[in-house]
Amino acid sequence: MTSTKILLLLGSGAREHALAEKLTHDGATVLVLPGNAGIPNSHPEVNPLDFESVKAFAHAHDAKLIVVGPEAPLAAGITDFFAGSDIQVFGPTRSAARLESSKVWSKEFMRRHGVATAKAWPFRSDNIAAARAKAAELGGHVVVKYDGLAAGKGVYVCSSPEEAEAAFDDLQTSYSGWFSFLLEEKLTGPEISIIGLTDGLTIRLLATSQDHKQLLADDLGPNTGGMGAYCPVPFADANVLAAIRRDIIDPTLRGLQNEQFEFQGFLYFGIMLTPTGPKLLEYNVRLGDPEAEVLLPALDSSLLTLIEATLNGTLAQQGVRQRPGAFVGVVLASGGYPASGFPTGFPITGLDNLPVGVHAYHGATRRDETGELVTNGGRVLVLTAHGQDLEEATARAYEACARVTFQDAYFRPDIAQRPAPVLTASLVN
């Protein structure tokens, strides 16, 4: 186990709960800004986007390392803010964070460096008529992506002209003023998430995982921040991973080196396994959520050691060990999510009665004036189960969902239960 050190973890969701638990297990003292009601050592008085306050807090607690959970502080330049100081930040610079913070810029990066991806066309809000015409030309089989950060909700997957028109209408309603957006051809195939730690030269991958973005069963309904995940993905074998590395990961690393980005952090590849090979849908420059809530319990290696190696240039000397079995995480959400305006403040019961092998990660919880644990947002909890195989882990996760309750609680009933896909020769040879 790594020697004890004090670090700051920025964020407030279930991903940060999983990170805090793992890093604490690895030997660190973890102080979470702002955290939530379920995360030990939370400090809600500190705004993670107020970098001067973060700096003062770090000095007061003698913390020399900051691990960033969500994308917003990275896009705002927290790594740049602490550059040259005695405090290290695990996360890319603001310039490199554009891989996530700008869908248009990210797509141009993919094109420049030969990363396999969908065809796409950039547009601006003052020329939305041209985008409507292009979508009609493609029969409405398009994906519309808001250019900036949108907490996983600025993406519209369309299968008809009517759906495309509705997407453009919602885009104009949701984002006022001038903005850019991307129109992509709609690809087909199963999606997987590949997440690793990289120093820009070397990457060390965590287990393969699969997210469930849509609100409803059978992948219907609006996109959310994620309704559940599992790992590892049974069909993502060595041949599939070799194709992904060849067509997506290696060209990305070459691009980071060619453009001389300072990238020391998590790098997420959202990938679709199409009939013509793997295609990159998007980058994230941090751990996915809810992927983190299954990947971190599955990680047998010390995450703290991997982070320190990324920062000090020794990542190439590190390996990654995974725990045996499967991990399934199901999100318990507030009724009405992902729309806004739904009620919160409902008491949460059953967390003291979880099945063996299940852990609850707090996403949006708080204590009310009486000290009772209540809901405080959309994705309230993630219940993660470990099992010998995917079937056992799934059964345990849903047993936990039946025991934990709050008013208007909702969860998808089919996490980790998609039919096994038939992959084409381009992915298995």
### Query
Going through the distances and angles, do Ser159 and Lys186 end up as a side chain to side chain donor-acceptor pair (under 3.5 Å)?
CA-CA 8 Å; Ser159 301; Lys186 183 182 177 183; 2.3 Å; yes
### Task
Could you tell me whether the side chains of Asp147 and Ser102 share a donor-acceptor contact shorter than 3.5 Å?
yes
#### Entry: Any side-chain donor near an acceptor of the partner, Thr274 and Thr276, under 3.5 Å
yes
### Task
Inspect the surroundings of CD in Glu262 and state if more than 12 heavy atoms from other residues, nucleotides or ligands are less than 6.0 Å away.
no
### Message
Under 3.5 Å, is there a donor on one side chain and an acceptor on the other for Thr117 and Lys107?
### Response
yes
### Query
With Phe327, which residues qualify under ring pair (Phe, Tyr, Trp, His ring centres under 6.0 Å), at least two apart?
His386
### Query
Between Arg418 and Asp414, is there a salt bridge with N-O shorter than 4.0 Å?
no
### Message
If we count only N and O atoms by modelled type, under 3.5 Å, do the side chains of Gln214 and Asn223 hold a donor and an acceptor together?
### Response
yes
### Thr198 side chain to Gly200 backbone, donor-acceptor under 3.5 Å
yes
### Query
Is it true that Glu293 and Arg15 have a side-chain N and a carboxylate O under 4.0 angstrom from each other?
no
#### Entry: Donor-acceptor pair between Glu291 and Tyr268 side chains, under 3.5 angstrom
yes
### Query
Does the pair Glu308 and Lys5 meet the rule for a salt bridge (Lys or Arg N to Asp or Glu O under 4.0 Å), with working shown?
CA-CA 11 Å; Glu308 291 175 333; Lys5 69 182 304 175; 3.2 Å; yes
### Task
Verify, without hydrogens or angle tests, whether Thr224 (side chain) and Lys213 (backbone) share a donor-acceptor contact under 3.5 angstrom.
yes
### Query
If only atom types and distance count, is the side chain of Arg323 paired as donor or acceptor with the main-chain N or O of Leu299 below 3.5 Å?
no
### Task
Using a strict 4.0 Å threshold on nitrogen-to-oxygen distance, state whether Glu100 and Arg286 make a salt bridge.
yes
### Query
Parallel under 30°, tilted from 30 to 60°, perpendicular over 60°: which one fits the rings of His362 and His17?
tilted
### Query
Are there more than 12 heavy atoms of other residues, nucleotides or ligands under 6.0 Å from atom NZ of Lys134?
yes
### Task
Report yes or no: do Tyr146 and Ser174 form a side-chain donor-acceptor pair below 3.5 Å?
no
### Task
Could you walk me through whether Tyr156 and Glu163 pass the side chain to side chain donor-acceptor pair (under 3.5 Å) test, one step at a time?
CA-CA 9 Å; Tyr156 310 82; Glu163 289 183 0; over 6 Å; no
### Query
Is the side chain of Gln417 donor-acceptor paired with the backbone N or O of Pro413 at a distance under 3.5 Å, no angle test?
yes
### Query
Are Leu273 and Val240 close enough that some pair of their side-chain heavy atoms sits under 4.5 Å apart?
yes
### Message
Contact between Tyr283 and Val115 at the side-chain level, heavy atoms closer than 4.5 Å - yes or no?
### Response
yes
### Message
Does the plane of the ring in Phe90 sit parallel, tilted or perpendicular to the ring in Phe266? Use 30° and 60° as the thresholds.
### Response
perpendicular
#### Entry: Carboxylate-amine/guanidinium proximity below 4.0 Å for Lys55 and Asp50
no
### Message
For Arg321, is there any backbone N or O sitting under 3.5 Å from a side-chain donor or acceptor partner on Ser301?
### Response
yes
### Task
Find out whether the Lys NZ or Arg CZ of Arg112 is both under 6.0 angstrom from the six-membered ring centre of Trp105 and within 45° of the ring's axis.
yes
### Task
In sequence, state the C-alpha distance, the side-chain angles, and the governing distance for Phe123 and Ile128, and then conclude on side chain to side chain contact (heavy atoms under 4.5 Å, CB included).
CA-CA 7 Å; Phe123 292 95; Ile128 205 163; over 6 Å; no
### Task
Quick one: do Phe261 and Arg98 satisfy side chain to side chain contact (heavy atoms under 4.5 Å, CB included)? Show the steps, please.
CA-CA 11 Å; Phe261 284 134; Arg98 286 180 295 172; 4.1 Å; yes
#### Entry: Thr305 and Asp26: CA distance, side-chain angles, deciding distance, side chain to side chain contact (heavy atoms under 4.5 Å, CB included) verdict
CA-CA 8 Å; Thr305 297; Asp26 293 343; over 6 Å; no
### Query
Would you say the side chain of Val380 lies within less than 4.5 Å of the side chain of Ile348, judging by non-hydrogen atoms?
yes
### Task
Check for a donor-acceptor pair, side chain of Arg379 on one end and backbone N or O of Gly225 on the other, with a separation under 3.5 Å.
yes
### Query
Counting distance only, does the side-chain N/O of Thr375 pair as donor-acceptor with the main-chain N or O of Thr344 below 3.5 Å?
no
### Neighbour count above 12 (heavy atom, 6.0 Å) for Gln172 CD
yes
### Query
Run the side chain to side chain contact (heavy atoms under 4.5 Å, CB included) check on Val46 and Val54 step by step: do they pass?
CA-CA 7 Å; Val46 183; Val54 173; 4.2 Å; yes
#### Entry: Side-chain heavy-atom pair Ile203, Ile249 within 4.5 angstrom cut-off
yes
### Asp218 (side chain) donor-acceptor with Leu220 (main chain) under 3.5 angstrom
no
### Query
Do Val155 and Val144 come within less than 4.5 Å of each other through their side chains, counting heavy atoms only?
no
### Query
Are Thr93 and Thr79 close enough that a side-chain donor and a side-chain acceptor fall under 3.5 Å?
no
### Whether His212 side chain and Ala416 backbone form a donor-acceptor pair below 3.5 Å
yes
### Message
Tell me whether Asp199 contacts the main-chain N or O of Thr310 through its side chain, where contact means a donor paired with an acceptor under 3.5 Å.
### Response
no
### Task
Answer yes when Lys119 and Glu185 have at least one side-chain N-carboxylate O distance shorter than 4.0 Å, and no when they do not.
no
### Query
Under a 4.0 Å N-O cut-off, is there an ion pair linking Lys103 with Glu184?
no
